[in-house]
*Asks:* 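Pasting a structure below so you can have a look.
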Amino acid sequence: MNGSVKISDSIYYVGVNDRDTQLFESLWPLDRGVSYNSYLILDEKTALIDGVKESKVTEFFDKIKNLLNGKPLDYLIINHMEPDHSGTIPELLQKFPNLKIVGNRTTFQFIENLYKVEDNFYEIKDGESLNLGKHNLKFYLTPMVHWPETMMTFDETDKILFSGDAFGGFGTLDGGIFDDEVKVEVFEDEIRRYFSNIVGKYSPMVQRALKKLSEANIDIKIIASTHGPIWRKNPERIYSLYDKWSKYETEEGVVIAYGSMYGNTEEMADYVARKLAEEGIKKIKIMNVSKTHISYIINEIWRYKGLILGSSTYNQGLFPYMESLVQWLAHTNIKNHVLGIFGTYGWSGGGVSTIVKYNEQMKWPLVAEPVEARLSAKEEDFKKLSELAKAMAKEIKLA
């Protein structure tokens, strides 16, 4: 047993799990790890679809070697050039010097700059095909999902869409690799965190890619991404989730993200949450920006319609962890949300006003005037917070 898993008569999963890396892209926590999915097609010509991270090369090569059983590896198809998928290119070329790397023109520019490889290229264009014998592979360019060279490969024989990073998510594949072998609900939250933090900025391009697949009228039986489960029982589920998230569709609920040094801003957050509950809002998430990594906060913000940001003032400006959050929100250009703002200050303001300034870029509708208390909330401030909660509840119920 070498760890490979049969997907169809001649297609095998040869991916690996990474339980060692702490931060994906040196940014996003991998509390549940991540898988790097790769696939090997054994036909008259053999083809490897995507590679894995270089640190996992030994385990990866063992799987390939056992399946090839002395046959050459003819093609390496690169759907995405990020090093967690392309990092084994130099080693693959050493072991298989006649290997042809299949990609588009932008793919090869990345390879030359990352790995100093300048030949063994087999260029394809959008809609072109590659025949392996029994299997015929068709290529769809999907730029900026989430790099410029990204593409998808569709096996017209077994109806498998090898989708690159699209439809992928965090989390290792611990035994089960198919959606009918795992608890999908457990993966779904980590798939949304992956989408919201990494792919979400390019949601318009995701929609363009989904439209291209729809117009191609291909019959997708299995979706095989480069991360997370392989969707063979219900590929429509992950497809519809990506469609929903990239349309910025939200649920009725509110995230209250706050930054508090001595508990006064936190008190305001708790008060607003209670008032929201009294207004009938059942899905409320209070998140401390000093304790909770930004990726988890963004994940919940992407899910729920309402966002309330509360921050203390720090050195006449915005509390640093809160500033990181609003900077990222402005950067990702999330749409279809409504916003409430509150905070505290001491001898000078700067916290609340800085959030308001960032919102000039975000352009989210404010449900009420921002509430700013000096050092701690007084009776009049709590009245304003109550009105903010009522206004927020009304807005998200109407959505």
Side-chain angles (χ1 to χ4, degrees), residues 1-18 34-103 107 120 122 124 129-139 151-165 167-168 172-173 175-178 181 220-232:
M1 178 65 182
N2 66 1
S4 61
V5 180
K6 200 169 190 177
I7 299 175
S8 68
D9 285 345
S10 52
I11 300 180
Y12 294 81
Y13 169 85
V14 291
V16 298
N17 286 309
D18 184 351
V34 67
S35 68
Y36 309 124
N37 300 344
S38 177
Y39 308 92
L40 182 63
I41 303 177
L42 301 179
D43 205 333
E44 293 174 23
K45 294 288 186 179
T46 59
L48 183 67
I49 300 181
D50 290 306
V52 303
K53 193 174 179 180
E54 186 180 12
S55 61
K56 299 294 179 179
V57 67
T58 301
E59 178 184 351
F60 180 53
F61 279 177
D62 284 346
K63 294 181 181 184
I64 296 171
K65 178 182 176 182
N66 288 337
L67 287 170
L68 287 174
N69 195 25
K71 292 185 66 175
L73 182 61
D74 297 302
Y75 298 106
L76 169 64
I77 296 163
I78 296 291
N79 286 319
H80 181 30
M81 269 299 299
E82 204 163 3
D84 55 333
H85 310 298
S86 68
T88 48
I89 286 178
E91 288 87 350
L92 282 166
L93 288 172
Q94 285 181 0
K95 288 186 177 295
F96 305 100
N98 296 319
L99 176 69
K100 293 294 183 183
I101 302 174
V102 180
T107 307
N120 290 61
Y122 185 104
I124 55 91
S129 298
L130 174 65
N131 187 267
L132 303 178
K134 176 185 176 183
H135 293 269
N136 195 61
L137 306 179
K138 192 165 185 179
F139 304 100
M151 65 184 197
M152 300 184 189
T153 302
F154 182 62
D155 174 27
E156 296 181 318
T157 306
D158 289 340
K159 313 298 183 187
I160 301 175
L161 180 69
F162 299 98
S163 59
D165 272 1
F167 308 116
T172 54
L173 300 174
I177 70 163
F178 299 102
E181 296 179 330
I220 302 172
K221 298 295 186 185
I222 296 174
I223 292 179
S225 174
T226 49
H227 300 292
I230 299 168
W231 299 80
R232 68 178 180 185

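Counting begins at 1 with the first residue of the sequence.
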*Asks:* Got Ile89 and Ile78 here, is their nearest side-chain heavy-atom distance under 4.5 Å?
*Replies:* yes
*Asks:* Which residues pass the salt bridge (charged side-chain N to carboxylate O under 4.0 Å, His left out) test with Glu156, sequence neighbours left out?
*Replies:* none
*Asks:* Nearest heavy-atom pair of Pro72 and Thr46: which atoms, and what distance?
*Replies:* O-OG1, 2.7 Å
*Asks:* From Leu161 CG over to Ile220 CD1, what is the distance, rounded to the nearest 0.5 angstrom?
*Replies:* 4.5 Å
*Asks:* For a 4.5 angstrom cut-off between non-hydrogen side-chain atoms, does Ile77 reach Phe139?
*Replies:* yes
*Asks:* Between Lys6 and Ser8, which heavy-atom pair has the shortest distance, and what is it?
*Replies:* CG-O, 3.0 Å
*Asks:* If every non-hydrogen atom of Pro97 is compared with every non-hydrogen atom of Asn120, which pair is closest and at what distance?
*Replies:* O-ND2, 2.9 Å
*Asks:* Give, for atom OG1 of Thr88 and atom CG of Leu93, the distance between the pair rounded to the nearest 0.5 Å.
*Replies:* 9.5 Å
*Asks:* Taking it one step at a time, do Thr153 and Asn79 satisfy side-chain hydrogen bond (donor to acceptor under 3.5 Å, both in side chains)?
*Replies:* CA-CA 7 Å; Thr153 302; Asn79 286 319; 2.8 Å; yes
*Asks:* Tell me the closest heavy-atom pair linking Gly228 and Ser35, and the distance in Å.
*Replies:* N-OG, 2.9 Å
*Asks:* So how far is it from His80 NE2 to Met152 CE, rounded to the nearest 0.5 Å?
*Replies:* 11.5 Å
*Asks:* State whether the side chain of Lys134 and the backbone N or O of Leu42 hold a donor-acceptor pair below 3.5 Å, judged by distance alone.
*Replies:* no
*Asks:* For the residue pair His227 and Tyr36, categorise the inter-ring angle as parallel (less than 30°), tilted (30 to 60°) or perpendicular (more than 60°).
*Replies:* perpendicular
*Asks:* Taking the side chain as C-beta and beyond, is there a heavy-atom pair between Lys63 and Leu40 under 4.5 Å?
*Replies:* no
*Asks:* Looking at CG of Leu99 and OH of Tyr122, how far apart are the two atoms once the value is rounded to the nearest 0.5 Å?
*Replies:* 13.5 Å
*Asks:* Kindly determine whether Tyr75 and Leu137 satisfy side chain to side chain contact (heavy atoms under 4.5 Å, CB included), including the steps that lead there.
*Replies:* CA-CA 12 Å; Tyr75 298 106; Leu137 306 179; over 6 Å; no
*Asks:* Rounded to the nearest 0.5 Å, what separation is found between the CZ atom of Phe96 and the CG atom of Leu68?
*Replies:* 5.0 Å
*Asks:* Between Asn98 and Asp74, is there a side-chain heavy-atom distance shorter than 4.5 Å?
*Replies:* no
*Asks:* Rounded to the nearest 0.5 Å, how far does NZ of Lys56 lie from CG of Asn17?
*Replies:* 8.0 Å
*Asks:* Can you find a pair of side-chain heavy atoms, one from Ser38 and one from Val52, that are under 4.5 Å apart?
*Replies:* yes
*Asks:* Are there more than 12 heavy atoms of other residues, nucleotides or ligands under 6.0 Å from atom CD of Glu54?
*Replies:* no
*Asks:* Would you say that Leu73 contacts Leu48 through its side chain, given a criterion of any heavy-atom pair below 4.5 Å between the two side chains?
*Replies:* yes
*Asks:* For atom NZ of Lys159, decide whether the heavy atoms of other residues, nucleotides or ligands shown that lie under 6.0 angstrom number more than 12.
*Replies:* yes
*Asks:* Do side-chain atoms of Asp155 reach the backbone of Thr157 as a donor and acceptor pair under 3.5 angstrom?
*Replies:* yes
*Asks:* Check step by step if side-chain hydrogen bond (donor to acceptor under 3.5 Å, both in side chains) holds for His85 and Asp50.
*Replies:* CA-CA 6 Å; His85 310 298; Asp50 290 306; 5.7 Å; no
*Asks:* Kindly indicate, with the supporting measurements, whether the criterion side-chain hydrogen bond (donor to acceptor under 3.5 Å, both in side chains) is fulfilled by Thr226 and Asp165.
*Replies:* CA-CA 5 Å; Thr226 49; Asp165 272 1; 2.7 Å; yes
*Asks:* If we ignore hydrogens and angles and just use 3.5 Å, is the side chain of Ser129 paired with the main-chain N or O of Lys138 as donor and acceptor?
*Replies:* no
*Asks:* Specify whether Tyr13 and Tyr39 have parallel, tilted or perpendicular ring planes, treating 30° as the upper limit for parallel and 60° as the lower limit for perpendicular.
*Replies:* perpendicular
*Asks:* Less than 4.5 Å apart, any side-chain heavy atom of Asp158 and any of Ile11?
*Replies:* yes
*Asks:* Where is the tightest heavy-atom contact between Tyr12 and Ile7, given as atom of each residue plus distance?
*Replies:* C-CD1, 4.1 Å
*Asks:* Counting distance only, does the side-chain N/O of Asn37 pair as donor-acceptor with the main-chain N or O of Gly15 below 3.5 Å?
*Replies:* no
*Asks:* Side chains of Leu173 and Glu181: does their closest heavy-atom pair fall under 4.5 Å?
*Replies:* no
*Asks:* Verify side chain to side chain contact (heavy atoms under 4.5 Å, CB included) between Val34 and Asp84, making sure each step is shown before the conclusion.
*Replies:* CA-CA 10 Å; Val34 67; Asp84 55 333; over 6 Å; no
